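A, B, ... follow the sequence lines: proteins, then strands. Residue 1 opens every chain. This is a predicted model, so every value here is computed, not measured.
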Protein chains: 2
Amino acid sequence: MPRIPRSPASQGPVTLAMVARRAGVSPQTVSNALNSPDLLRPETLERVREAVDEMGYRPSRAAQTLRTRSSKLIGYGIQPSQPGTAAPIMDRFLHALSQAADEAGYRILLFASPPGEPALEGYEELLGQHEVDGFVLSGTARHDPRQAWLAKRGVPFVGFGRMWSGRPVGDWVDVDGASGTDAAVEHLVALGHRRIAFLGWPRGSDVGDDRAAGWQRAMRRHGLPTRARRAQSVDDIEAAHAAVEPLLDAGATAVVAASDTLAMGCYQALRERGAAPGRDIAVVGFDDSPAAALLSPALSSIEQPLEAVGRECLRLLLARMSDSGAPPERVLLAPSLVVRDSVPGTAPGPDGPAAG
Amino acid sequence: MPRIPRSPASQGPVTLAMVARRAGVSPQTVSNALNSPDLLRPETLERVREAVDEMGYRPSRAAQTLRTRSSKLIGYGIQPSQPGTAAPIMDRFLHALSQAADEAGYRILLFASPPGEPALEGYEELLGQHEVDGFVLSGTARHDPRQAWLAKRGVPFVGFGRMWSGRPVGDWVDVDGASGTDAAVEHLVALGHRRIAFLGWPRGSDVGDDRAAGWQRAMRRHGLPTRARRAQSVDDIEAAHAAVEPLLDAGATAVVAASDTLAMGCYQALRERGAAPGRDIAVVGFDDSPAAALLSPALSSIEQPLEAVGRECLRLLLARMSDSGAPPERVLLAPSLVVRDSVPGTAPGPDGPAAG
DNA sequence: TCTCAGCGTTAGATCGTTCCAAAGACATTA
DNA sequence: TAATGTCTTTGGAACGATCTAACGCTGAGA
């Protein structure tokens, strides 16, 4: 009953053998009591458990790792956040991942990944010393060498971010950007909007094209034309400001942007025209950066379900570790539209429901 | 010469004993070659090193940990980022910490810390299993129980964030908020401003009072009155908007805010009056959140030197681990003012250099 | 009667490394 | 020659857990 009195007399840590002596059984039986309780006779089990509780015993992970060849550690190469990016997704993701790992008896081991191209060095080092049982990758790039490298060595891994090019390798979890912009269009259409523009990144970026595709398919589904409703800009507020002008000139009543940064450029352009985001023109961003909620009017944005991504990453990784031969699993999670003041609940002003 | 050919024939990992056999020495000698090279005769050392390189040997961390009772791991309880906070400092800090750790032969082990009051649970678990050699704490609160708890057990730790109350315990690294606001005032004074207001958080918050103090001392140093130049608001954009009004009414030509969120409230108030941040009134935020650079005009802000904080944390922790009896060391790092459009290089408009 | 599987438990070996004490080589000194 | 010392190297015992192969016993099936 007493909670961990921390074995008063003895100085060193409590070991399996000490517990065994106390319970009057062999060390192996204590081990079994913890790892395969169904092997023991109930009364023995009870006796051992009492001794474990009384002495506050905790198995030594180092010894377990040495014997079982499994560290219960998962490696994660943390990259420096590139400045200028509005959305810091890393910390939310890492917390979720860490929590999921804790619940499964695993822990996340960080190592610093240099900026730029993902290097294999850190992965090799962690593997060489048998420090980790698997990896979680993030920031997967187009010609990312990590997947193939890990797969060749038979190391379990899961990626946050799909493999866009080449033969897909391994399991991954990603956010369905298209579904997000699709949902934004749906929402705007329901409000009466029909001239819904898309402000995206230059074509050729996988993530960007994905987000554009969602807008396009939703527009098509509703029979709305997309010609002259699409513009592109690099992820910079000034550039976005300039790029959105033609869309506004063409009479768009709503703009779906591929990022919050682009949406902010949109805000700027509207202000310059004396128009107000939310009142005159609806604006939707992407990523739900902290800044979105702080803007005025607060920016509606598409939020990535990072907690779910973290949980799913861990789930897939555990599955891969328990069965390395299973077919790869891929999970695409739908982001959710966070509606704020930049998308009013009422119908748009001048001639909203007019045909495009 | 060849780089890690990954011991072609053998299947399992390369062990010390295998290297020893190859080099024609005892396992202990190989161990010495790696850990105390000066004990070996140069030619023996050379022979062993060759074998190590040829076989691509890496010592098993698990075995080392078991034997030396030092895991070379540092625990960090990652807290969920509370939504609404503009500045995500965690990921920058974590990357810096991780990098510093890597360079010192340590690694960061994450565990999920529940939101709200920091719990001891996770720390106890990691310690019980002897998984970590020490801890880095962050988000230290006023009545944070962790420092005393760890100190009592003789566990090395270092805090990111000073202990504001009670008898100070242990080493810490923190950012000198006062120095930041002081520097902001200096910069504004140099531009000709004299009516410099401070928009802070309600008194009683340690961090907030610290930032206020820097403004105050700089104002005093320049003989500028502070009466009627100070307002307070909770960290919310609307509340800040309301709170800053009296300051503007009193003719302030510049506002130093205790956070970027407060600064954004200031932007809002200025816009409502038809004034422009940067052109009419200078505004300086704090924390240099990603949003700051994206605002229009871009918000000048005081940036925390998180990379340095990470490095210093690790330095202090290593020092503590190597000498547990040394007197506690505290490091206060100066943040730096990032000047953007909200603080023009020219003198302020109407009657800037007038006496307050 | 004999074999055999199942029961709960255990002894002994093992994972890969480092600590400890002592052995061997060799030169120096009494 | 033997004793002393220094410099390298080594064997053996940990570290604390889990794996494997049994233990002695009972009861069922042939």
Do A:Val169 and A:Phe157 have side chains that get closer than 4.5 Å, going by heavy atoms? yes
Tell me, please, which residues at least two apart from A:Glu103 pass side chain to side chain contact (heavy atoms under 4.5 Å, CB included). A:Gln99
Min side-chain heavy-atom separation B:Lys72-A:Glu131 under 4.5 Å: no
In short, the helix from C:dT1-D:dA30 to C:dA30-D:dT1 is bent end to end, axes from five pairs each side, to 10°, by 70°
Taking N or O atoms only and anything under 3.5 Å, show me the protein contacts with nucleotides 14-16 of chain C, one pair per line.
| residue | atom | partner | partner atom | Å |
| --- | --- | --- | --- | --- |
| C:dT14 | O2 | A:Arg67 | NH1 | 2.8 |
| C:dC15 | O3' | A:Arg69 | NH2 | 2.9 |
| C:dG16 | OP1 | A:Arg69 | NH2 | 2.4 |

Heavy-atom check, side chain of B:Pro305 versus side chain of B:Val175, under 4.5 Å: yes
Grab the two heavy atoms, one from A:Ile78 and one from B:Asp91, that are nearest each other, plus how far apart they are. CD1-O, 4.2 Å
Distances for protein N/O vs nucleotides 21-28 of chain C N/O pairs under 3.5 angstrom?
none

Could you tell me how the ring of A:Phe111 sits relative to the ring of A:Phe135: parallel (under 30°), tilted (30 to 60°) or perpendicular (over 60°)? perpendicular
Lys/Arg N to Asp/Glu carboxylate O, A:Arg47 vs A:Glu50, below 4.0 Å: no
Starting from the C-alpha separation in whole Å, work towards a yes-or-no answer on side chain to side chain contact (heavy atoms under 4.5 Å, CB included) for A:Arg22 and A:Tyr57. CA-CA 12 Å; A:Arg22 171 107 163 209; A:Tyr57 167 72; over 6 Å; no
Reading DNA chain D 5' to 3', which nucleotide is the first, and which the last, to come under 4.0 Å of any heavy atom in chain A? D:dG16 to D:dC19
Counting distance only, does the side-chain N/O of A:Asp171 pair as donor-acceptor with the main-chain N or O of A:Pro328 below 3.5 Å? no
Counting any heavy atom closer than 4.0 Å, what does B:Thr44 reach on the DNA or RNA strands: base, sugar-phosphate only, or nothing? sugar-phosphate
Closer to the 5' end of DNA chain D via nearest nucleotide, is it B:Glu43 or A:Ala17? B:Glu43
What's the separation between atom CD in A:Gln304 and atom CG in A:Asp174, rounded to the nearest 0.5 Å? 8.0 Å
Could you walk me through whether B:Leu314 and B:Ile74 pass side chain to side chain contact (heavy atoms under 4.5 Å, CB included), step by step? CA-CA 9 Å; B:Leu314 200 88; B:Ile74 292 163; 3.5 Å; yes
Which one of B:Tyr76, B:Trp172, B:Phe93 satisfies the ring-ring contact (aromatic ring centres under 6.0 Å, His included) criterion with B:Phe160? B:Phe93
Within this structure, what is the CE-to-P distance between B:Met18 and C:dT17, rounded to whole angstrom? 10 Å
Within-4.5 Å side-chain heavy-atom neighbours: B:Thr15 and B:Ser60: no
Under 4.0 Å, heavy atom to any atom of DNA chain C: which of residues 24-36 of chain B qualify? B:Gln28, B:Ser31, B:Asn35
For A:Arg21 and C:dT10, give me the distance from atom CZ to atom P, rounded to whole Å. 14 Å
Inter-residue atom distance A:Leu306.CG - A:His95.NE2, 0.5 Å rounding: 13.0 Å
Is there side-chain contact between B:Pro27 and B:Val30, with at least one heavy-atom pair below 4.5 Å? no
